[in-house]
Amino acid sequence: MKSKLNIWLLISFLIAAALSLWLYFKQTTKVGDIFYESTMDSAQFNPCGDYQILQYYQVGAYYQGGKKAIKTELLPKVKTDGLPQNGLLTVRFVVNCNGETGYFRTKMIDANIKEIEVPLEASKPIYALIAELKGWVPGQIDGNPTDSYAQIAFKLEDGKITDIF
């Protein structure tokens, strides 16, 4: 009788541990979460809260003038040195409660939706240009500014940026 109880307790513990790990994994690895990485991120940029950073559409973060203003400011300045010739380059980043940007991350796909490796050194000039954009309006929760994610996509064709959205 005692050994059956021990087996049930062991099985219950293993199930509870597995569920706990699964829930933890689901909560901490949501699509697009960006965490500070000292080799990539500036120590000067800080999110305002210790809570979860939300998506721009959840809290209403935006750039003054919208994507058209971003395109007007970035298109003449952005260089494609070191980037793949063709594909869709997406730069995700955090807009903090002060409207500052940081924690930049890059993903790129080709026409067949296969991920393309982008060298960090080729991405850094684009990060710097985005960081220079000063029209970010932070999102709000209950009237208080909050951190949020944002993204800008660049369409590359034959080594040139043909669209920004």
Side-chain angles (χ1 to χ4, degrees), residues 23-141 144-157 159-165:
L23 286 172
Y24 176 78
F25 178 77
K26 288 300 226 179
Q27 289 299 316
T28 58
T29 58
K30 294 181 181 175
V31 174
D33 281 357
I34 301 173
F35 302 101
Y36 176 78
E37 190 174 313
S38 62
T39 59
M40 295 178 64
D41 300 321
S42 168
Q44 312 303 323
F45 175 79
N46 291 309
C48 298
D50 293 332
Y51 48 85
Q52 182 178 2
I53 299 171
L54 301 172
Q55 303 300 327
Y56 66 93
Y57 52 81
Q58 292 175 300
V59 294
Y62 64 94
Y63 188 77
Q64 292 174 347
K67 295 289 182 176
K68 185 176 180 179
I70 293 172
K71 185 176 183 176
T72 301
E73 290 192 45
L74 291 184
L75 199 53
K77 297 178 187 176
V78 70
K79 304 284 186 240
T80 59
D81 301 334
L83 293 173
Q85 292 290 305
N86 297 297
L88 185 64
L89 175 81
T90 302
V91 179
R92 284 186 48 82
F93 51 95
V94 174
V95 177
N96 72 9
C97 67
N98 299 317
E100 301 163 338
T101 56
Y103 294 3
F104 297 97
R105 300 294 185 270
T106 304
K107 291 229 182 216
M108 187 167 183
I109 57 170
D110 65 12
N112 298 318
I113 312 179
K114 291 186 180 170
E115 194 166 331
I116 302 171
E117 187 70 30
V118 179
L120 179 60
E121 291 306 313
S123 300
K124 283 184 177 181
I126 295 173
Y127 298 166
L129 288 173
I130 294 172
E132 289 175 9
L133 295 173
K134 299 299 179 197
W136 291 103
V137 177
Q140 293 192 1
I141 296 176
N144 297 315
T146 188
D147 304 325
S148 63
Y149 291 111
Q151 67 183 28
I152 300 174
F154 301 84
K155 183 177 182 182
L156 283 101
E157 293 177 326
K160 298 201 184 295
I161 304 281
T162 57
D163 200 5
I164 298 174
F165 49 94

How many angstroms lie between atom [atom1] of [X] and atom [atom2] of [Y], to the nearest 0.5 angstrom?
{"X": "Q140", "Y": "T146", "atom1": "CD", "atom2": "OG1", "result": "9.5 Å"}
{"X": "I113", "Y": "L88", "atom1": "CD1", "atom2": "CG", "result": "10.0 Å"}
{"X": "N96", "Y": "I53", "atom1": "CG", "atom2": "CD1", "result": "9.0 Å"}
{"X": "I116", "Y": "D110", "atom1": "CD1", "atom2": "CG", "result": "4.5 Å"}
{"X": "S123", "Y": "K107", "atom1": "OG", "atom2": "NZ", "result": "12.0 Å"}
{"X": "T101", "Y": "I130", "atom1": "OG1", "atom2": "CD1", "result": "7.5 Å"}

Does atom [atom1] ([X]) have a neighbourhood of more than 12 heavy atoms from anything else shown, all under 6.0 Å?
{"X": "K67", "atom1": "NZ", "answer": "yes"}
{"X": "E37", "atom1": "CD", "answer": "yes"}
{"X": "F45", "atom1": "CZ", "answer": "yes"}

Legend entry - Partner set under ring-ring contact (aromatic ring centres under 6.0 Å, His included) for Y36, not counting sequence neighbours: Y103

Legend entry - Side-chain (K134) to main-chain (A131) donor-acceptor, under 3.5 angstrom: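 At least one qualifying donor-acceptor pair exists.
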
Inset, instruction - Kindly give the heavy-atom pair with the smallest separation between E117 and P84, and that separation in Å. - result: O-CG, 4.0 Å

Legend entry - Closest heavy-atom pair and its distance - G139, A61: N-CB, 3.5 Å

Inset, instruction - Go through the steps to decide whether L74 and I161 satisfy the test side-chain contact (heavy atoms from CB on, under 4.5 Å), and finish with yes or no. - result: CA-CA 10 Å; L74 291 184; I161 304 281; over 6 Å; no

Inset, instruction - Quick one: which residue pairs count as a ring pair (Phe, Tyr, Trp, His ring centres under 6.0 Å) with a foot in residues 70-89, not counting sequence neighbours? - result: none

Legend entry - Of all pairs that satisfy ring pair (Phe, Tyr, Trp, His ring centres under 6.0 Å), the ones with a partner from residues 111-131, not counting sequence neighbours: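 Applying ring pair (Phe, Tyr, Trp, His ring centres under 6.0 Å) to every pair that reaches into residues 111-131, excluding sequence neighbours, yields F104-Y127.
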
Inset, instruction - For residues 78-90, pull every pair meeting side chain to side chain donor-acceptor pair (under 3.5 Å), keeping only residues two or more places apart or in separate chains. - result: none

Legend entry - Any pair counted as side chain to side chain donor-acceptor pair (under 3.5 Å), so long as it reaches residues 68-78, sequence neighbours left out: Y63-E73, K71-D163

Legend entry - side-chain contact (heavy atoms from CB on, under 4.5 Å) between W136 and I70, worked out: CA-CA 10 Å; W136 291 103; I70 293 172; 3.9 Å; yes

Side chains of [X] and [Y] in contact at under 4.5 Å (non-hydrogen atoms):
{"X": "C97", "Y": "D147", "result": "yes"}
{"X": "L83", "Y": "I126", "result": "yes"}
{"X": "P145", "Y": "N98", "result": "no"}
{"X": "L156", "Y": "L89", "result": "yes"}

Inset, instruction - Please report the C-alpha distance between V95 and Y56 in whole Å, then the side-chain angles of each, then the deciding distance to 0.1 Å, and finally whether the side-chain contact (heavy atoms from CB on, under 4.5 Å) criterion is met. - result: CA-CA 9 Å; V95 177; Y56 66 93; over 6 Å; no

Legend entry - R105/D41 ion pair, N-O < 4.0 Å: yes

Legend entry - Residue list, side-chain contact (heavy atoms from CB on, under 4.5 Å) with Q58, at least two apart or on another chain: L54, Q55

